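Some notes on the structure that comes next.
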Amino acid sequence: MSADVIIRVEGVTKVYTMGEEKVHALRGITLDIVRGTYVSIMGPSGSGKSTLFNMIGGLDRPSDGEVIMEGFRFGELSSGQMAWIRCHKVGFIFQSFNLIPSMTALDNVAIARIFSGLTPAQARRDAAGSLEQVGLGNRMDHLPSELSGGQQQRVAIARAIVNRPEVILADEPTGNLDLRTGEDIINLLGKMKMDLNITVIFVTHERDIAYHTRRIIRLRDGRVVADEPVPDGLFLEAERTLAAAAAAKAAPAQPNGGRSLGAPSADARRAAVAP
Amino acid sequence: MSTLLTVRVALRALGANKMRTALTTLGIVIGVGAVVALMSVGAGSQAQVTAQIQGLGTNLLFVRPGSTAVGGVQTGAGGAATLTLTDAQALAQLPTVADAAAELMGFGQVVGQGQNWNTRLLGITQSYLGVRNATMARGEWFAQDDLDSRTPVAVLGSTVAQRLFTEGDPVGQAVRITARGGVGGSFRVIGVMARRGSGPFGDQDDLIYLPITTMVVRLFSQRAVSGVPQVSTINVQVADQALIDQAVAEIGEVLRTRHRVDTDDFTIQSQQEFLEAFNQILGTFTLLLGAIAGISLVVGGIGIMNIMLVSVTERTHEIGIRKAVGARRRDILAQFIVESITVSVLGGMLGIAVGSAVASLLSRVQLPSATGGAATALQTLVTVDSIVLAFGVSVAVGLFFGIYPANRAATLNPIDALRSE
């Protein structure tokens, strides 16, 4: 195995038993993901992409086959060791944000840091840093219900990066957001990837989102049907669109006097909701 | 995850469902409160008995006739008629003995002012008042002359005085006493005793004191053997607490010599032995009360378990999130156990307060006397022991009934937990 391979998936299958019926979610997936790359897993619903996401992140165990991350063979790890992997190696971003509703943005981020063994005070300090990084420095004491969708997803991103993971796994991160907010999130994830030099894996069914990555793995019916790099032309075009959108948004924000990154996305959300 | 933070998370979770937390806590409050209140009744009666036995006098020894065999049949202790008034006089001479008072017990029907009453008759010597630490309510105690000349005088216990003389002062009045197994005679009342209260020996005020010599001659003339009355108990007051063991040995020696026997035909029981025997019985009684109340504590614990299971089900998704961001099994376990212990500790503390309040209410309850004497208050005593016990048990209940729901939460598969809404 090349030293560059951070995640290796070897012949992973997953069979769910629903009553009498057996559902084959994954029918033998084998692939390598190179460290520091930006990868999409695409497929229609029911293709098994979310199941694969769970396997790679160590949230679920395969029926057969093996997931190996940085030399750790998940099949050999105890549940406590898997918790350590999820804590230190992986950051999750979900379509539905998955924030704890009773906790402030700061505590939602800090909790991941606390599970890694820090004291609450240290964890809060790091969490505040992460929230600054995603542009939510002024929203730390708000509950998730007091934040817009885009802001909630930023909290989730802050939580995903707070433990400095090797891999960020994002399952339809823009699925619950309007177009412009989604673009913000994609932009932010791209920036985080560049700043922190981490491996980012997207799971999505949207081609436009997948074009922001450099490699697309297509699943259908539990099997890999295509695995190819994103053509430079498409990638650059997607990046240009994003940059233009960011520039367009940045311009009207100026007269209002240096608003944070969080505020425009809230505006965008309101704009999308308005008739 | 730090303990302090775990506690804070638990408090927040409990605060989110105030009504539910309050009701669950109430179950423990009632359980702990019942344990504290009921044990206070047990401990209270124990304290009462202790005070009463100590109130009998200071450094007392009770000498009673031993058992005797009549044709191979052993009577119980006190069955033999071996102790006499002269034995008592001899014991009073011992250097280790401060004083000795003999008593002879009988039963009889007494009539006075048209009322009649069945009561105990206690023939005693003059020193009885001092040895048994008794006080008079009115009138006078017997003089030595009353004993020597067998005067027909009586001192009434307060219950008897109340029964016979519903109005007016009994002192100076005449009563007629007919002894069971004896004859009748007329006595002049010279005094009434102060109330001693009810205790392990029944109503201490339901009796009539007579000079032992008068009692033997006028009521039980047949019991007088060669002019020396037999007695049922000699109350010996030892001069000093440190001399009790020595006094027991000396009394034994004197009585064996006087009775010309090798084996004791009497028994000596100390006030301390009495106290220990009663304390043992009442200690068991207290524990029994506590155990009965403990059942409600178990019911409260089941309430905690029930609510914790609901809480785990409700927060499955949150557990999934925690697991996804790196919570270990023991982080989740600690969270829910701390939550259930918080409820039980809170309930325990409130329960101790409620139990103590109930105990002080109970102590205002007046218990009617079985023999129609004055009502006595139910005595309660909240001991440190019962508080520590109730608190400890409530923490244990929280731990025990919290473990199952917490373990159920901790062993959830992260993805299954995340998927649930």
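Just so you know, these numbers use all the heavy atoms, side chains as well, and skip hydrogens, waters and symmetry mates. Residue numbers start from 1 in every chain, and the chains themselves are labelled A, B, ... in the order their sequence lines are given, proteins ahead of strands. This is a predicted model, so every value here is computed, not measured.
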**Fill in**
Heavy-atom nearest pair, A43(B) first then T286(B), reads N-OG1, 3.7 Å
**Asked** If you count heavy-atom pairs under 4.5 Å between each of A112(A), A160(A), G57(A) and chain B, which one has the most?
**Response** A112(A)
**Message:** Below 4.5 Å, heavy-atom pairs only: which of S79(A), G80(A), P165(A) has the largest tally toward chain B?
**Reply:** S79(A)
**Complete:** Under 4.5 Å to a heavy atom of chain A? For A16(B) that would be neither
**Prompt:** Is it true that E314(B) and R20(B) have a side-chain N and a carboxylate O under 4.0 angstrom from each other?
**Reply:** yes
[X] versus chain B, heavy atoms under 4.5 Å apart: side chain, backbone, both or neither?
| X | value |
| --- | --- |
| N108(A) | neither |
| I85(A) | neither |
| N54(A) | side chain |

**Prompt:** Is the distance between the ring centroids of F92(A) and F94(A) less than 6.0 Å?
**Reply:** yes
**Prompt:** Which of these passes side-chain contact (heavy atoms from CB on, under 4.5 Å) with M55(A): V9(A), L26(A), T13(A)?
**Reply:** L26(A)
**Request:** Show your reasoning for whether side chain to side chain contact (heavy atoms under 4.5 Å, CB included) applies to L177(A) and F97(A).
**Result:** CA-CA 11 Å; L177(A) 305 173; F97(A) 321 132; 3.9 Å; yes
